[in-house]
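We count residues from 1, following the sequence as given.
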Amino acid sequence: MDREQKEIVQEFFSNDAENIFEKIEKFSSLMIRYSCAVREIRTKFEVLNEELSFRAGRNPIESISSRIKKPVSIAEKLKRRGIEPTLEAISSSLNDVAGIRVVCSFIDDIYRVADMLAKQDDITVVQIKDYIKKPKQNGYRSYHMIVEVPVFFSESKLLTRVEIQFRTVAMDFWASLEHSMKYKKQSADRPDIAAELKSCAETIAATDARMLGIRKRIEALESEEK
């Protein structure tokens, strides 16, 4: 943690000795809430994957990963937005403290699984950003959902937001490498390298579409044989 990050964290928790332990306790409680929300959503995806595997004979979800933002990342994001770094600001201003990444086999699996989740009674969809149909300028493709899920504790029920990113295996491969190069090498911002990365993203997207087409042809042939 560099000096600037330490200053941000100190500002977040404050140097008030009488209140700092209370703030740390409240922050830990909030993080537990986000952690529980992640477990709730992960379980839903695991159930859907098992059901769809039984019905269709294949798993639409290749992998599920999750993370909770670190305190310094939370504080930095609030500061970048010009928001006073307080505990109250975390839940009211940030949608991505809790994050889940769902990697699917095919593009249509993404929309199918996302739709199934959205239709569940205790899920509220807050926001959708479809970077598959409308990729970012750099070529990034993914399907983003912000959802609210109730987390039940012994004496309360708290609605908690979770960001979900859906990608195919190919999209995840590109995004992971692009992120690694962007943050570890300044040269990744060069126009020629950015253009090459975008070209790779387009090639990967075309491959995703072709693989989906092949799968549908195979399914059609199997259907004809029955």
- [ ] Taking the six-membered ring for Trp and the single ring otherwise, decide whether the centroids of Tyr131 and Tyr143 are under 6.0 Å apart.
- [x] no
Task: Val97 vs Ile74, side chain to side chain contact (heavy atoms under 4.5 Å, CB included): CA-CA, chis, key distance, verdict - done: CA-CA 7 Å; Val97 175; Ile74 293 171; 4.1 Å; yes
Open item on the list: Can you tell whether the side chains of Arg141 and Asp208 come within less than 4.0 Å, N to carboxylate O?
Closed with: no
Open item on the list: Quick test of your reading of the model: are Lys134 and Asp130 salt-bridged, counting only N-O distances below 4.0 Å?
Closed with: no
Considering non-hydrogen atoms only, spot the tightest contact between [X] and [Y] and give its length.
| X | Y | value |
| --- | --- | --- |
| Phe27 | Ile90 | CE1-CD1, 3.9 Å |
| Leu52 | Val113 | CD1-CG2, 4.3 Å |
| Ser105 | Glu62 | OG-OE2, 2.7 Å |
| Ile100 | Val102 | CG2-CG2, 4.0 Å |
| Lys44 | Gln120 | NZ-OE1, 2.8 Å |

- [ ] Specify whether Trp174 and Tyr140 have parallel, tilted or perpendicular ring planes, treating 30° as the upper limit for parallel and 60° as the lower limit for perpendicular.
- [x] tilted
- [ ] Say whether Phe166 and Leu48 are linked into one hydrophobic cluster, either directly or through other cluster members, by side-chain heavy-atom distances under 4.5 angstrom.
- [x] yes
Task: Co-membership, hydrophobic cluster, residues Ile61 and Val47, 4.5 Å side-chain - done: no
Evaluate whether atom [atom1] of [X] has more than 12 neighbouring non-hydrogen atoms of other residues, nucleotides or ligands under 6.0 angstrom away.
| X | atom1 | result |
| --- | --- | --- |
| Lys129 | NZ | no |
| Glu50 | CD | no |
| Phe153 | CZ | yes |
| Glu196 | CD | no |
| Met116 | CE | yes |

Look up atom [atom1] in [X] and atom [atom2] in [Y], then write down how far apart they are to the nearest 0.5 Å.
| X | Y | atom1 | atom2 | value |
| --- | --- | --- | --- | --- |
| Glu46 | Glu51 | CD | CD | 14.0 Å |
| Ile128 | Ile146 | CD1 | CD1 | 10.0 Å |
| Leu197 | Glu178 | CG | CD | 6.0 Å |
| Asp96 | Ile164 | CG | CD1 | 13.0 Å |
| Glu148 | Asp122 | CD | CG | 11.5 Å |

- [ ] Go through Lys198 and Thr203 one step at a time and tell me if the side chain to side chain contact (heavy atoms under 4.5 Å, CB included) criterion holds.
- [x] CA-CA 9 Å; Lys198 186 174 182 179; Thr203 300; over 6 Å; no
Open item on the list: Is the terminal nitrogen or CZ of Arg215 (NZ for Lys, CZ for Arg) located under 6.0 angstrom from the six-membered ring centre of Phe106 and within 45° of that ring's axis?
Closed with: yes
Open item on the list: Check for me whether Lys133 meets the cation-pi criterion with Tyr111, that is, NZ or CZ under 6.0 Å from the six-membered ring centre and within 45 degrees of the ring axis.
Closed with: yes
Open item on the list: For the backbone of Pro60 and the side chain of Arg112, can you confirm whether one donor and one acceptor N or O come within less than 3.5 Å of each other?
Closed with: no
- [ ] Return yes if some donor-acceptor pair links the side-chain N/O of Ser92 with the main-chain N/O of Glu88 below 3.5 Å, else return no.
- [x] yes
With distance as the sole criterion, is a donor-acceptor pair present between the side chains of [X] and [Y] under 3.5 Å?
| X | Y | answer |
| --- | --- | --- |
| Arg42 | Ser66 | yes |
| Arg101 | Ser65 | no |
| Gln165 | Ser142 | no |

